There are 2 protein chains.
Amino acid sequence: MYICSDVNRFSMKNSQLYKGSLTTIVMKLLEENGRMYGYEITQKVKEITKGELKITEGALYPALHKLEAEGVLEVEIENVDNRLRKYYKLTEKGTSETINRLAELEEFIKNMQSIVNPKLT
Amino acid sequence: MYICSDVNRFSMKNSQLYKGSLTTIVMKLLEENGRMYGYEITQKVKEITKGELKITEGALYPALHKLEAEGVLEVEIENVDNRLRKYYKLTEKGTSETINRLAELEEFIKNMQSIVNPKLT
DNA sequence: TTATATACATAAGATTTCTATGTATTAATT
DNA sequence: AATTAATACATAGAAATCTTATGTATATAA
């Protein structure tokens with residue numbers, strides 16, 4: 001019988017703000033690191049944000065599959081220590097898409113800062 | 001007969017990134033301006049972001065109703081030029097919630113910048 | 001031997017947002 | 001005079017995304 005030991009498998013209080021930013025984060029990390037597999041992405045994000053953002057598997061894997069279906073990512077399956085790994089990397093299309101996404105992110109951050117701190121604008 | 005003249009009533013290419021930030025934006029604007037009505041909020045955001053972010057009515061009005069139901073906002077209905085206006089302002093609870101939200105927003109922006117620009121971290 | 005870490009997956013439900021439509025008044029344009 | 005645009009609210013259906021929960025499987029640490 002399978003027993004699920006639910007310790008730290010999920011994010012707990014991820015701010016609503018992160019909604020909509022998952023694919024941008026994934027694409028940026030892949031641009032930076034060449035290729036990564038799903039689990040590695042979750043760990044990397046946790047590390048970068050000092051544990052503040054925990055990407056859930058239920059969000060990540062479907063997102064990766066969608067990006068692959070859209071031709072943004074391509075996958076290489078490997079076997080490491082008898083364990084399956086699916087390495088993802090940006091396609092050519094994905095690379096140019098990432099440039100757009102990062103520009104959008106910069107604009108977004110600028111706009112949010114304008115709203116939060118209208119004096120500086 | 002009613003004819004809908006659909007010019008500029010909706011946002012067009014709002015980045016996915018804005019998903020999840022609507023209530024934070026609304027709360028911050030109300031903290032800043034004391035009280036505002038829905039239409040005013042849409043115009044203010046358009047102005048602040050120089051037309052880049054256009055809040056849709058289909059998103060805003062349900063969000064305002066929900067925040068009111070949660071006790072974050074309270075409403076004062078007024079009649080101006082034969083037109084209905086519903087002014088919203090933060091409740092006491094809403095004011096303290098806003099402080100939390102803005103802290104979360106700062107963290108979020110910091111984390112997103114860490115991801116985009118890992119060298120500076 | 002039990003739990004944790006690694007590594008994938010999907011389905012149900014909740015939530016949010018977009019698109020489209022609806023009503024109504026006033027102001028501007030043609 | 002008639003039409004369009006602007007002001008001001010509203011809601012319903014669909015789409016998209018994310019959370020929660022569950023499932024399978026191997027390797028390692030306690």
Side-chain angles (χ1 to χ4, degrees), chain A residues 1-26 36-47 53-70 75-88, chain B residues 1-26 36-47 53-70 75-88:
Chain A
M1 206 235 293
Y2 176 79
I3 294 166
C4 185
S5 56
D6 271 345
V7 181
N8 248 357
R9 290 194 69 191
F10 310 119
S11 72
M12 32 215 81
K13 43 105 227 171
N14 282 344
S15 157
Q16 285 289 109
L17 290 164
Y18 291 96
K19 294 193 184 200
S21 60
L22 178 58
T23 56
T24 302
I25 291 171
V26 168
M36 297 178 85
Y37 55 99
Y39 186 77
E40 189 184 9
I41 292 172
T42 66
Q43 299 308 300
K44 189 74 178 173
V45 168
K46 202 156 50 166
E47 180 201 319
L53 176 54
K54 287 170 187 161
I55 291 181
T56 61
E57 296 158 292
L60 179 63
Y61 290 116
L64 289 172
H65 301 160
K66 201 191 170 203
L67 289 171
E68 191 193 349
E70 288 168 355
V75 69
E76 290 160 9
I77 300 177
E78 285 182 30
N79 209 299
V80 182
D81 282 331
N82 248 11
R83 255 197 233 101
L84 187 73
R85 267 192 202 169
K86 293 177 78 172
Y87 280 98
Y88 289 91
Chain B
M1 209 235 292
Y2 175 79
I3 294 164
C4 185
S5 55
D6 273 345
V7 183
N8 248 354
R9 291 195 68 190
F10 310 119
S11 72
M12 32 216 81
K13 42 106 227 173
N14 282 344
S15 158
Q16 287 289 109
L17 292 163
Y18 291 96
K19 295 191 183 201
S21 60
L22 178 58
T23 55
T24 302
I25 291 171
V26 168
M36 297 178 85
Y37 55 98
Y39 186 75
E40 189 185 9
I41 292 172
T42 67
Q43 300 307 301
K44 190 74 180 175
V45 169
K46 202 155 50 167
E47 180 201 317
L53 176 54
K54 287 170 188 163
I55 290 180
T56 61
E57 295 158 292
L60 179 63
Y61 290 116
L64 289 172
H65 300 160
K66 200 190 171 207
L67 289 171
E68 191 193 348
E70 289 168 354
V75 67
E76 291 160 8
I77 300 177
E78 285 182 31
N79 208 299
V80 181
D81 284 330
N82 248 12
R83 257 199 232 100
L84 186 72
R85 268 191 201 169
K86 292 176 79 172
Y87 280 98
Y88 289 91

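On a predicted model such as this, the values are computed, not experimentally measured, just so you know. The chains referred to below are lettered A, B, ... by the order of the sequence lines, with proteins before strands, and numbering in each begins at 1.
Counting any heavy atom pair closer than 4.0 Å across all strands shown, A:Gly58 reaches a base atom.
Between B:Arg83 and D:dT7, a side-chain N or O to OP1/OP2 separation shorter than 4.0 Å is absent. Between B:His65 and D:dC9 there is no side-chain polar atom (N or O) within less than 4.0 angstrom of OP1 or OP2. Not one side-chain nitrogen or oxygen of A:Tyr61 sits closer than 4.0 Å to the OP1 or OP2 atom of C:dA9. Using a 4.0 Å cut-off, some side-chain N or O of A:Thr56 falls inside it from OP1 or OP2 of D:dT19. The phosphate of D:dT19 has neither OP1 nor OP2 within less than 4.0 Å of any side-chain N or O from A:Lys54. Listed pair A:Tyr37 / C:dC8 fails the phosphate criterion, with no side-chain N or O lying under 4.0 Å from OP1 or OP2. A sub-4.0 Å separation between OP1 or OP2 of C:dT6 and a side-chain N or O of A:Tyr39 is present.
Across the protein-nucleic acid pair, B:Lys44 atom NZ and D:dA8 atom P stand 15 Å apart, rounded to whole Å. Atom OH in B:Tyr87 sits about 11 Å away from atom C1' in D:dA8, given to the nearest Å.
Nucleotides of DNA chain D nearest to A:Ala59 and B:Val80 differ in position, and the one nearer the 5' end is that of B:Val80. Of the two residues near DNA chain D, A:Asn82 and B:Leu64, the one whose nearest nucleotide lies more 5' is B:Leu64.
With values rounded to the nearest 0.5 angstrom, A:Lys44 atom NZ is found 12.5 Å from A:Ile55 atom CD1. One distance of note links CE of B:Met36 with CD of B:Gln43; it measures 10.0 Å at 0.5 Å rounding.
In this structure, the side chains of B:Leu60 and B:Val26 come closer than 4.5 Å at one or more pairs of heavy atoms. In this structure, B:Val75 and B:Leu64 have side chains that are not in contact, with every pair of non-hydrogen atoms separated by 4.5 Å or more.
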Grab the N/O contacts between the protein and nucleotides 14-16 of chain D below 3.5 Å, and write none if there aren't any.
none

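Judged as a salt bridge (Lys or Arg N to Asp or Glu O under 4.0 Å), and not counting sequence neighbours, the contacts of A:Glu78 are A:Arg35. Every residue two or more places apart in sequence or in another chain that forms a side-chain hydrogen bond (donor to acceptor under 3.5 Å, both in side chains) with B:Lys19 is listed here: B:Gln16.
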